[in-house]
2 protein chains.
Amino acid sequence: MKRIGIKDVAAAAGVSATTVSHILNDVEGKRINVETRATVLRVARELGYRPNSLARGLRTSRTYTVGFVSDEIATTPHAGQIIRGAQDAGTEHGLLLLMLNTGGNPELERKAIALLLQHGVDGILYASMYHRVVQVPQQLRSVPTVLVDASADDPTVPSIVPDEEQGGLTATRELLEHGHRRIGFVTNIDDIPATRGRLAGYRAALAGGGIGFDPALVVADRSDAPGGYRAARTLLSSAHRPTALFCFNDRMAMGAYRAAAELGLTVPTDLSVIGFDNQELISENLHPALTTVALPHYDMGARAIARLQAVIDTSETTTGPAPQEVLRCPLVARDSVAPPPRS
Amino acid sequence: MKRIGIKDVAAAAGVSATTVSHILNDVEGKRINVETRATVLRVARELGYRPNSLARGLRTSRTYTVGFVSDEIATTPHAGQIIRGAQDAGTEHGLLLLMLNTGGNPELERKAIALLLQHGVDGILYASMYHRVVQVPQQLRSVPTVLVDASADDPTVPSIVPDEEQGGLTATRELLEHGHRRIGFVTNIDDIPATRGRLAGYRAALAGGGIGFDPALVVADRSDAPGGYRAARTLLSSAHRPTALFCFNDRMAMGAYRAAAELGLTVPTDLSVIGFDNQELISENLHPALTTVALPHYDMGARAIARLQAVIDTSETTTGPAPQEVLRCPLVARDSVAPPPRS
DNA sequence: CCAGCCTGCCAAATCGTTTGGGCACCTTGG
DNA sequence: CCAAGGTGCCCAAACGATTTGGCAGGCTGG
């Protein structure tokens, strides 16, 4: 049961392979009799003709595949969302994703990219599993590339990143709008865009609410549950304790929940908590369910493909500036935010 | 800056393309002068020659790509581990993964598989995101296929699944070995292999420990944190309450933690808890960290590729029986299991 | 009636590789 | 000196599509 090719269609329709190709591809400037066209289309459908992508790719050097290289696909469910977004968007353009993760090993990364190029990918998505600044490998200069959840050291490479500052602002404002005036920020100690951006958003929101920034309300620790626990304990044990906590991420919020419980504080009546990242495994399963800010992973994947497609289509006319695309982080309201207790 | 091909190498080495091909592929039964061979290899390296996979695939109908189709890549980090396992194993064989997730939509699935076939994949991994029985699409009959985390309705299709029963047994035995005699099972209500298998393992372990099975110690609810909370509350409120809980998964264990806290029970001194799945986002961030049983996702991915490769290599001699491969679920000991309290 | 134009189709080259079938030359034994 | 047998390499035909450049034949206008 050999796969049927363009020749089989041609024979069955009584025309040449050339004509079949013209018809199936709607080639411009070729005149085709309307009947012939109908016949060929019918025969092709009846025979279940599928073009051989390899042959086509060989001839046209367009394979409709995109490489997806990432440093860490491992633990985080975020990865999945980016992939899903990229895939869904890719499907619309008829693109397939060729996945390769490098575990952050530069040697592996070189080989991976070489392999992708060898397979003739039309472009490459270079994804980081958390928002950071990366150095773009030299090999990627020769092929359309878009960075996902990463900024380039070189501004000519387009990239898609989340708007950390807007996210921090959204989270803080949510607390302000519930009437909180004294809001603690449980932040993390790594110097990454997320840390800086969310803090900036926090400050901006306070300023917008006419509240002075109090450094004592910002405590940094490791970005996991124990870190969040420690930081939250510190904040909640202070003399004039905050009525709400904005946590750098959901894991830290999980720690904050425990700190609150230990201190006899009930969320959200005694203490409001808001997280970041929307790790559903945590935010949905905590009690009460955690209000948080979502990272737009799905959208980042989708936008990245759209962007890549644009670059591919206009590859000749390499335009100069490649603005970085910044995506909104939406609020996901659940049950951990309430007005502050009357005191 | 055109890509350099076999012809360029041939020209630079002063031989024909045929000879270059023979040398680079170590073709058997072809006599090549040892010097010529050295020269060609050197030139190829110097020029940085990379074979064009499309052309090669066209000629040999081996593309060194495999399709990875899954129903849901979404929320679960499990997915990532399967992919990572498949990828790492694939890299060893020079295989690339072509990803496509169908969201469980059969229509999409048909198209996805057709697309993969069109791109000439050498085989397909059909992955489910939780262990279940699937019906194998007709189209997959014509191409080497391996099921991952899924059993086939048709036993001739090879599949890789976790050993749920052994996992349940391991978890329960871990509690037994710490001296627990009265062990509650917080299970789930869905009728899937995991539910049946883990229960069987639980019963087997009890039997092995010379303990009678008490139906009152098994409570089923939804497989999330609230479900776990309710089930655990029921069990812990009973007259003669268990000293340990085996939870169907980590989410339910998370709920059990809350139930214990509300009842004034400390984990693990008053109550031991063991989970299942090793969702690190939960198990590592709970306090105390959750002892659990891991699903061998990484290994399933890796074994699946190995298996697929075997099928591909022996595709001619389609052997009859395709045994289902069952992988061990290892214990991941953390801090939630201790000897029972003296009472 | 003929030049010229349009319509509708096709032949052949091409993409980069693999592969079956030689072909030229050299050596060796008779 | 010649036939036979090796050795080392190459020619040309695939693989399945796209694409360039025609080529017939019918129609139109003069």
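Below, read A as the first sequence line, B as the second, and so on, with proteins coming before strands; counting in each chain starts at 1.
- In this structure, of D:dA17, C:dG8, C:dG16, it is C:dG8 that holds the atom nearest to the side chain of A:Asn33.
- For A:Thr102 against A:Ala112, the heavy-atom pair with the smallest separation is CG2-CB, 4.2 Å.
- Distances from the side chain of B:Lys30 to the nucleotides C:dT14, D:dC10, C:dG8 place D:dC10 closest.
- Closest contact between the side chain of A:Thr36 and the listed nucleotides C:dT19, D:dA17, C:dG8 involves C:dG8.
- In this structure, the CD1 atom of B:Ile6 is 14 Å from the P atom of D:dC11, given to the nearest Å.
- Atom pair B:Glu28:CD and C:dT18:P shows a separation of 15 Å (rounding to whole Å applied).
- Among the heavy atoms of the strands, none lies under 4.0 Å from A:Arg37.
- In this structure, the NE2 atom of B:His22 is 13 Å from the C1' atom of D:dA12, given to the nearest Å.
- OP1 or OP2 of C:dT18 lies within a sub-4.0 Å distance of a side-chain N or O belonging to B:Asn25.
- At whole-Å resolution of the value, CG in A:Leu58 and P in D:dT19 are 12 Å apart.
- Comparing A:Ala55 and A:Ile32 against DNA chain C, the residue whose closest nucleotide sits nearer the 5' end is A:Ile32.
- A:Arg45 forms no cation-pi arrangement with A:Tyr49, by the criterion of a distance under 6.0 Å to the ring centre and an angle within 45° of the ring axis.
- Rounding to the nearest 0.5 Å gives a distance of 11.0 Å between CD of B:Glu92 and CD of B:Gln309.
- Using a 4.0 Å cut-off between charged nitrogen and carboxylate oxygen, A:Arg141 and A:Asp154 count as a salt-bridge pair.
- B:Thr18 contributes a side-chain N or O that forms a donor-acceptor pair with the base of D:dA12 under 3.5 Å.
- Nucleic acid contact for B:Arg50: sugar-phosphate only, since backbone atoms but no base atoms lie under 4.0 Å from a heavy atom of the residue.
- Between C:dT18 and B:Ser21, a contact under 4.0 Å exists linking OP1 or OP2 to a side-chain N or O.
- Across the protein-nucleic acid pair, A:Leu24 atom CG and D:dT19 atom C1' stand 15 Å apart, rounded to whole Å.
- For the pair A:Ser16 and C:dC9, the criterion of a side-chain N or O lying under 4.0 Å from OP1 or OP2 is not met.
- Using a 4.0 Å heavy-atom cutoff across all strands shown, A:Val15 reaches sugar-phosphate atoms only and no base atom.
- The separation between B:Arg31 atom CZ and C:dA24 atom P is 15 Å, rounded to whole Å.
- Remark: P of C:dA11 and NZ of A:Lys7 are 12 Å apart, rounded to the nearest angstrom.
- The shortest non-hydrogen separation linking A:Glu109 to A:Pro137 is OE2-CG, 3.1 Å.
- You'll find that the side chain of B:Arg59 is closest to C:dT17, out of D:dC10, D:dA17, C:dT17.
- With hydrogens and angles ignored, no donor-acceptor pair under 3.5 angstrom links the side chain of A:Arg56 to the base of D:dT18.
- Under the 4.0 Å criterion applied to side-chain N and carboxylate O atoms, A:Arg328 and A:Asp163 are not assigned as salt-bridge partners.
- Protein atom CG of A:Asp26 is 12 Å distant from nucleotide atom P of D:dT18, rounded to whole Å.
- Closest to the side chain of B:Tyr49, from the set C:dC9, C:dG16, C:dT17, is C:dT17.
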